[in-house]
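This structure is a prediction, so every number in the text was calculated from the model and none was measured. Counting starts at 1 for both ligands and their atoms, following the listed order.
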Amino acid sequence: MSTPGRSDQRSPARRVPRTDAVLAAEELAGPQQRLGSPLVKEAVVAAQQRVRAGEVAPEDVVAEVLAALPGSASSLRPVLNATGVLLHTNLGRAALSRAAVEALAAAAGTTDVELDLSTGARGRRGRDAMAALAAAVPDAGGVHVVNNGAAALALAATALAAGREVVVSRGEMVEIGDGFRLPDLITSTGARLREVGTTNRTAPADYADALGPETGMVLKVHPSNFVVQGFTADVDVAGLSRVVDDAAERLGRRVPVVVDTGSGLLAPHPLLPGEPDAASALRAGADLVTSSGDKLLGGPQAGLLLGRAELVGQLRRHPLARAMRVDKLVLAALEATLRGPAAPVRAALETPVEQVRARAEAVAAALVAEGHDARVVASDAAVGGGGAPGLALPSAAVSLPAGAAAALRAGSPPVVARVEAGRCLLDLRSLAPEDDDALRAAVLRALRAGAPSPGAEG
Ligand SMILES: *Cc1c(COP(=O)(O)O)cnc(C)c1O
């Protein structure tokens, strides 16, 4: 707080405008309405501190506040993803399509998510999103959606195997990222792990030998962020289906085969030959498929359960399902992703490399015209985020001095690049083409402000 009695003495830095006077400025009325008073007040207090420190002239306080105000009441900042990693976990993985963003905004108020408007009676929650998902995967007799891929797997393990065994290959006991270890998730549900085979090789007989009265389910997990090469063998979904069929007579039931495909790919994709998809797994005999609703599907964070109708129904009615229920925003964005135009991740994946290179050339030319050290280089982009491990996507990048990376991250909007072999690479494949202008402007601003010294990036 300023103290009016003293504020006009000594240096100009001490003439700190009063908080209420600044807040009453006409220019700040709109922001206070949009962002709420506390956020604006925070910015005023920060600006007053800069006046005290002599960094801002007292008459510039309102301009300083306006410049410092966040774009929204959330402090999550939109960033430009020039890493070349299409699904970057630290950047929130999949970017939603415009159609999904609009659907999400439209659903944000009160909606008919659980009401049948024609009868006025209660309707099935998210009926249309479920119908869109069922239409996208005709091989699934039943579909359900929960909060994320991990929740889908936890629900399956709980409902099918709590107090019993989950048979899984030692080669598929994976850590997905951020310390999420699949074996820990499974055992947290009260199911016991029955590990079979070895890290590099697992055979049908390994599964067959483990099946017994205690078996709740057989699980196949896609090792979505690494590849094992060399002397390896695993059992595909069709093979697992044969194993449980062969054991059915002995056990008096067919043990369900659950496949965690991870990536949200619903059908095979020609550019991703090694990536498992839901339709193929179901056709090969999987009883249930779990996956993320974002990643390669490009929707909101969600967990998909696809499979035999009675099995999915059993999961949907399980008490734990209520604790994993998705909200109307997710349902709206998921439906729009499934019905609407291709998600940005799909466009990024499918763009021919010549187009990516032409965009990189245009950005580089604008930087060179301003005297910057920029050139276009070939680059390997990646799917990332738990999909298509080891697959290099041919791409093109604008190469800058390595020191630019920190300045770019500090810019507005922040640009996240990749530092490789002593250069800062702006890979255009992970950036939507409509963001090219924003990228060029942000880079020019950041390079002007940052005056990078090569090699300064830590
Ligand atoms: C990503 C992934 C998960 C977890 O999905 P979330 O949506 O992040 O919870 C589970 N299993 C596999 C194989 C994955 O790739």
Going by the closest heavy atom to atom 10 (C) of ligand 1, which one wins out of Asp260, Leu182, Leu304, Val174?
Asp260
Would you say Ser395 and Ser379 are linked by a side-chain donor-acceptor pair, where the criterion is simply a distance under 3.5 Å?
no
Check: His222 N/O within less than 3.5 Å of ligand 1 N/O
no
Give a yes or no answer on whether the side chain of Arg181 reaches the backbone of Glu175 with a donor-acceptor pair at less than 3.5 Å.
no
Of all protein heavy atoms, the one nearest atom 7 (O) of ligand 1 is Ser292 OG, 2.5 Å
Which of the atoms in ligand 1, numbered in the order shown and given with their element, are less than 4.0 Å from a heavy-atom of Gly149?
5 (O), 6 (P), 7 (O), 9 (O)
Within the supplied structure, the quantity of interest is the number of heavy atoms (other residues, nucleotides, ligands) at a distance under 6.0 Å from Phe226 CZ; does it exceed 12?
yes
Residues, nucleotides or ligands: over 12 heavy atoms within 6.0 Å of Glu434 CD
yes
With atoms numbered from 1 as shown, which atoms in ligand 1 lie under 4.0 angstrom from a non-hydrogen atom of Gln301?
6 (P), 7 (O), 8 (O)
Of all the atoms in ligand 1, which lie at a distance below 4.0 Å from a heavy atom belonging to Ile176?
1 (C), 2 (C), 11 (N), 12 (C), 13 (C), 14 (C)
Polar contact flag for Arg93 and ligand 1 (N/O pairs, less than 3.5 Å)
yes
Using 0.5 Å steps for rounding, measure from the CG atom of Leu393 to the CG atom of Leu271.
8.0 Å
Which residue and atom name correspond to the protein heavy atom nearest atom 1 (C) of ligand 1, and how close is it?
Lys295 NZ, 1.4 Å
Output the list of atoms in ligand 1 that are nearer than 4.0 Å to some heavy atom of Ala150, sorted by atom number.
4 (C), 5 (O), 6 (P), 9 (O)
Calculate, to the nearest 0.5 Å, the distance between atoms CG and CZ belonging to Asp327 and Arg125 respectively.
7.0 Å
Any atoms of ligand 1 less than 4.0 Å from a non-hydrogen atom of Ser224? List them with their elements.
13 (C), 14 (C), 15 (O)
Give the C-alpha distance, both sets of side-chain angles, the deciding distance and a yes or no for side chain to side chain contact (heavy atoms under 4.5 Å, CB included) between Val79 and Val415.
CA-CA 6 Å; Val79 305; Val415 175; over 6 Å; no
